[in-house]
S.K.: 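Let me give you the structure first, and then I'll get to my questions.
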2 protein chains.
Amino acid sequence: MLDERRAAILRAVVEGYIETAQPVGSSLVARTGGIPVSSATIRNEMVALEQEGYLVQPHTSAGRVPTDKGYRFFVDTMAGHGKLDTARRQQVSSFFATAHGAIEDMLHATSQLLSNLTDYAAVVVAPQSEQATIRSVQLVALGGNTALLVAVLSNGSIEKATVDVPDEIGDERIGAATTHLSRSLVGGTLTDLAACPTSGDQQTDDLCAAAVAALRPNRGTEIDHVYVGGASRMATAFDAVDSVRRVLTTLEQQYVVVGLLRDVIDRGLSVAIGAEHGLEALADCSIVVAPYEVEGELAGTIGVLGPTRMHYPQALAAVAVVSQRLGRRLSEG
Amino acid sequence: MLDERRAAILRAVVEGYIETAQPVGSSLVARTGGIPVSSATIRNEMVALEQEGYLVQPHTSAGRVPTDKGYRFFVDTMAGHGKLDTARRQQVSSFFATAHGAIEDMLHATSQLLSNLTDYAAVVVAPQSEQATIRSVQLVALGGNTALLVAVLSNGSIEKATVDVPDEIGDERIGAATTHLSRSLVGGTLTDLAACPTSGDQQTDDLCAAAVAALRPNRGTEIDHVYVGGASRMATAFDAVDSVRRVLTTLEQQYVVVGLLRDVIDRGLSVAIGAEHGLEALADCSIVVAPYEVEGELAGTIGVLGPTRMHYPQALAAVAVVSQRLGRRLSEG
DNA sequence: GCTGGCACTCGTTACTCTTGAGTGCCAGGA
DNA sequence: TCCTGGCACTCAAGAGTAACGAGTGCCAGC
């Protein structure tokens with residue numbers, strides 16, 4: 001473990017680098033770090049910090065830059081996570097006070113809010129539909145030989161799937177299937193889609209089986225909808241165009257993003273720094289995540305993606321506040 | 001109008017610049033342009049082309065670069081729009097052969113296809129729901145004092161809206177409202193949402209009125225869903241980071257994108273070059289657009305966004321093929 | 001009207017020199 | 001033992017200079 005003085009020096013370097021994006025030298029730390037020793041002493045300590053892997057020197061005559069390990073220490077020993085300034089608190093409050101409309105639109109807007117708050121890219125993973133119960137099931141003929149199965153879930157989201165039906169199927173048969181499906185599925189969840197009990201009518205049973213089958217493959221793969229806000233801000237976070245390209249390409253792959261957030265949450269972290277999350281393309285990015293709860297149940301995840309030298313206290317505070325407010329808002333329905 | 005030789009020189013400059021992104025000199029044109037005159041003569045012609053506004057010179061001792069007007073001439077006189085190479089045709093065919101699932105997912109995938117084909121960003125505007133008829137309407141209680149109104153449209157898309165309902169409303173009343181709404185709305189379109197005729201029951205009527213009102217504001221504003229694919233490719237199209245940022249920020253504003261495409265289509269164009277579309281942030285971008293038809297009706301729009309020096313023949317060919325195939329695919333249902 | 005020739009322009013590249021921020025180390029002092 | 005001021009050293013960044021060469025405009029001659 002680091003003694004108090006070294007920790008203070010490390011913190012000063014991290015803060016300086018986050019602010020200026022320039023390597024931080026001993027004299028700057030001596031002047032502004034609040035540590036009552038000379039720059040020579042700080043230099044000696046910095047050598048030690050470098051040997052222990054908290055700092056690196058881009059080249060001999062430059063200052064120090066934090067490593068992932070350095071950022072990790074900084075985040076882990078950060079006091080109280082910081083608070084949002086009043087302007088931002090205000091912004092959050094008024095957002096959730098006026099938020100309305102379909103849940104998808106609200107989650108999308110939330111990702112933009114979070115991006116605005118932090119000036120980084122933001123990600124919102126929609127509540128998992130796994131625990132939501134089915135409130136309504138309906139089969140609607142679309143013409144031709146397709147029909148649409150629409151399931152309304154208790155969290156206000158909708159799952160739908162196209163079903164192939166025999167040509168020239170009659171309305172009354174669709175209706176029969178709808179009532180039969182309703183009877184057996186409503187009240188259950190998407191995860192335990194039971195096969196429909198037989199109804200006595202062969203054609204209706206076939207239809208129901210096809211419908212259930214159509215609804216099933218959604219589960220697991222693409223059920224996690226994700227909203228990415230402010231991806232364009234990554235363009236200013238890096239000055240190398242190809243870094244920007246790499247990061248944006250990754251952000252476009254929704255399943256990667258979902259997997260990334262889930263992975264971080266599963267490991268019990270709220271921050272993943274640089275290479276910690278294992279995605280090479282995001283090696284000089286950090287993400288700050290938080291789950292949100294709806295009616296006491298863990299429902300989804302939100303996160304902020306920025307460069308490793310991101311402003312952690314502010315990002316953590318923003319993510320915490322937004323996740324809490326979002327959960328509360330969604331619990332109200 | 002340009003005489004044939006000048007036109008050939010202009011075309012050679014445009015093609016050269018598109019390929020190399022470097023100013024094109026007279027000697028290159030003389031060597032590779034297929035024009036049997038010396039570079040000196042070409043220089044003389046270039047002076048004229050510059051005076052007429054087709055070319056500019058970045059600085060005295062540099063080659064020429066096309067202006068928007070130059071690109072415009074190139075595009076307008078381009079022969080036959082070019083064909084996709086077989087590999088790309090193959091890609092399109094296999095995409096539409098295997099495309100399946102919900103319409104939203106398919107449109108999203110289509111935008112990625114188009115982006116892959118052209119190596120630029122691609123945009124797909126979903127079919128407008130205005131002409132689609134309502135196939136089914138259902139009100140579902142969500143608990144608390146909210147209910148969800150779900151309307152299934154004939155094109156397979158779904159419109160939904162939350163409706164405030166009195167506390168402790170009974171299932172039978174929701175059911176009554178559903179049947180009443182079905183009776184009056186099914187078969188119509190979203191644009192001519194008639195007020196429900198009175199049912200004789202005050203509470204049911206109130207509920208129906210609220211439901212219709214909730215569905216209405218969707219129209220006009222956010223009804224045009226849009227899918228942007230491959231936005232990250234814009235990061236390699238420009239080398240200035242802030243150009244990238246500007247373009248990406250614009251692409252994130254969906255209503256701007258929709259308006260842009262619509263505007264171009266309305267003006268009867270299939271290509272908008274540089275400043276032609278009037279969006280300052282996209283001043284050095286061009287877009288290539290095409291409408292697509294579902295069952296003979298104009299339904300939506302697709303487009304490709306790239307730098308002004310984009311590869312027009314290929315982009316036009318890709319957009320044409322994809323719009324046609326997409327329309328056909330959607331017509332099949 | 002086209003062409004070869006030629007002087008001229010000016011961005012690009014390479015090289016050198018200087019500057020200055022920052023370092024490591026050391027000897028002296030608390 | 002630990003801290004500090006001093007000092008020589010390193011090296012990226014910036015400025016200045018020179019050579020290069022791609023490309024131009026212009027002109028005299030065919």
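Just the heavy atoms: all of them, side chains too, but no hydrogens, waters or symmetry mates, feed the values below. Naming: A, B, ... by sequence-line order, numbering from 1 per chain.
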S.K.: So, does B:Gln22 use its side chain to make a donor-acceptor pair with the main chain of B:Tyr17 at under 3.5 Å?
M.R.: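 Pair absent, no side-chain N/O of B:Gln22 close to backbone of B:Tyr17.
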S.K.: Figure out the CD/C1' separation between A:Gln22 and C:dG20, and round it to whole Å.
M.R.: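 Answer to the nearest Å: 14 Å.
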S.K.: Sugar-phosphate means primed atoms, P, OP1 and OP2; the rest is base. With that split, encode nucleotides 1-6 of chain C 5' to 3' as B, S or - using protein heavy atoms under 4.0 Å.
M.R.: -SBBB-
S.K.: May I ask you to decide whether A:Arg11 forms a salt bridge with A:Glu4, counting only side-chain N to carboxylate O separations under 4.0 Å?
M.R.: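 Here A:Arg11 pairs with A:Glu4 in a salt bridge, since their nearest N and O are under 4.0 Å apart.
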S.K.: Does this structure show an ion pair linking B:Asp263 with B:Arg267, if we count only N-O contacts that are shorter than 4.0 Å?
M.R.: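 B:Arg267 and B:Asp263: salt-bridged.
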S.K.: Without placing hydrogens or testing angles, list every side-chain donor-acceptor pair under 3.5 Å for residues 26-38 of chain B, not counting sequence neighbours.
M.R.:
unit_1	atom_1	unit_2	atom_2	d
B:Ser26	OG	B:Arg43	NH1	3.2
B:Thr32	OG1	B:Leu28	O	2.9
B:Ser38	OG	B:Ala40	N	3.3
B:Ser38	OG	B:Thr41	N	3.4
B:Ser38	OG	B:Thr41	OG1	3.4

S.K.: Nearest-Å distance, CG (A:Leu55) to P (C:dG24)?
M.R.: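 Those two atoms, CG and P, are 11 Å apart.
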S.K.: Identify the two heavy atoms, one from A:Val257 and one from A:Leu251, that lie closest to each other, and give their separation to 0.1 Å.
M.R.: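 The answer is CG2-O, 3.7 Å.
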S.K.: A:Glu50 has an atom CD; how far is it from atom P of C:dG24, in whole Å?
M.R.: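 Computing the A:Glu50:CD to C:dG24:P distance gives 7 Å.
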S.K.: With distance as the sole test, does A:Thr301 use its side chain to make a donor-acceptor pair with the main-chain N or O of A:Val125 at under 3.5 Å?
M.R.: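 Judged by distance alone, no pair lies under 3.5 Å.
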S.K.: Run the numbers on A:Arg89 and A:Asp85 for salt bridge (Lys or Arg N to Asp or Glu O under 4.0 Å), then give the verdict.
M.R.: CA-CA 6 Å; A:Arg89 296 184 81 82; A:Asp85 56 42; over 6 Å; no
S.K.: Would you kindly give the CD-to-C1' distance between A:Gln57 and D:dT10, to the nearest whole Å?
M.R.: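 These atoms are roughly 10 Å apart.
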S.K.: Separation of A:Ile42 atom CD1 from C:dA21 atom C1', in whole Å?
M.R.: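 Distance check: A:Ile42 CD1 to C:dA21 C1' gives 16 Å.
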S.K.: May I have the distance from A:Tyr17 (atom OH) to C:dG22 (atom P), rounded to whole angstrom?
M.R.: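 Value for this atom pair: 14 Å.
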S.K.: Take atom CG of A:Asp3 and atom C1' of D:dC3, then tell me their distance rounded to the nearest Å.
M.R.: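 Going from A:Asp3 (CG) to D:dC3 (C1'), I get 15 Å.
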S.K.: C:dA21 C1' sits how many Å from A:Leu28 CG, rounded?
M.R.: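 Nearest whole value for this atom pair: 12 Å.
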S.K.: Closer than 4.0 angstrom, basic N to acidic O: yes or no for B:Asp242 and B:Arg245?
M.R.: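 B:Arg245 and B:Asp242: not salt-bridged.
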S.K.: Would you indicate whether B:Asp3, at its atom CG, is surrounded by more than 12 heavy atoms from other residues, nucleotides or ligands within a distance under 6.0 Å?
M.R.: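 Above 12, so yes.
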S.K.: Indicate for each nucleotide in nucleotides 7-19 of chain C, in 5' to 3' sequence, whether protein heavy atoms under 4.0 Å reach the base (B), only the sugar-phosphate (S), or nothing (-).
M.R.: --BBS--------
